[in-house]
Amino acid sequence: LLEMFVGIFGRLVLVPAIFLPIAALFGFTGSAMIAILILVGSPTTVSCYVMAKNMGHRGVLTSNVVMLATVLSSVSLTLWIFLLRLFGLL
């Protein structure tokens, strides 16, 4: 359970929190910033499950991370867009 939440937190919160300020420092705004947000803040893909199974890892953990990250990404992406607008980057 902890592994699942660490993976989801890393993908939806930690990675955007690291790379969005860096993108802002480089001067990205508007549609370019949205593209970066989608790139770094979107959930993991279903192909991760297939790759994990083929590599002999637990498919249950991967499928749970994919499913829950997809559901939670609607909230996290909305919050990231709100924060980007708040700081005038959109």
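Residue pairs meeting the side-chain hydrogen bond (donor to acceptor under 3.5 Å, both in side chains) criterion with at least one partner in residues 29-46, sequence neighbours excluded, are T45-S47. Evaluation of the salt bridge (charged side-chain N to carboxylate O under 4.0 Å, His left out) test over residues 3-24, restricted to residues two or more places apart or in two chains, returns E3-R58. Pairs engaging residues 68-82 under the side-chain hydrogen bond (donor to acceptor under 3.5 Å, both in side chains) rule: none recorded [sequence neighbours left out].
Neither L83 nor V75 shares a network with the other; the hydrophobic side chains, linked directly or stepwise wherever heavy atoms of I, L, V, M, F, W or Y lie under 4.5 Å apart, form separate groups for each. Tracing side-chain contacts under 4.5 Å through hydrophobic residues (I, L, V, M, F, W, Y), one never reaches V66 starting from V71; they form parts of separate clusters. Criterion: ILVMFWY side-chain heavy atoms under 4.5 Å apart, direct or through other members. Under it, L20 and L86 are part of a common hydrophobic cluster. The hydrophobic cluster containing I8 does not contain V60, counting ILVMFWY residues as joined when their side-chain heavy atoms lie under 4.5 angstrom apart, directly or transitively. Note: the hydrophobic cluster containing I22 also contains I34 (ILVMFWY, side chain heavy atoms under 4.5 Å, direct or indirect links).
M4 contributes atom CE, which lies 11.5 Å from atom OG1 of T62 (distance to the nearest 0.5 angstrom). To the nearest 0.5 Å, the span separating CG on L12 from CG on L77 amounts to 7.5 Å. Distance check: L84 CG to M33 CE gives 5.5 Å after rounding to the nearest 0.5 Å. Interatomic distance, L14 CG to F9 CZ, rounded to the nearest 0.5 Å: 5.5 Å. Atom CG of L61 is separated from atom OH of Y49 by 11.5 Å, given to the nearest 0.5 angstrom. Summarising the geometry, atom CG belonging to L37 is positioned 11.0 Å from atom CG belonging to L89; distances are rounded to the nearest 0.5 Å.
You'll find the side chain of M51 stays beyond 4.5 Å of the side chain of N54, heavy atoms only. Considering only heavy atoms from C-beta on, L72 comes within 4.5 Å of L68 through its side chain.
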Note to self: Run I81 and R85 through side chain to side chain contact (heavy atoms under 4.5 Å, CB included) and show every step you take.
What the structure shows: CA-CA 6 Å; I81 290 171; R85 284 187 179 226; 4.1 Å; yes
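The heavy-atom pair separating P21 from P16 by the smallest distance is CD-O, 3.7 Å.
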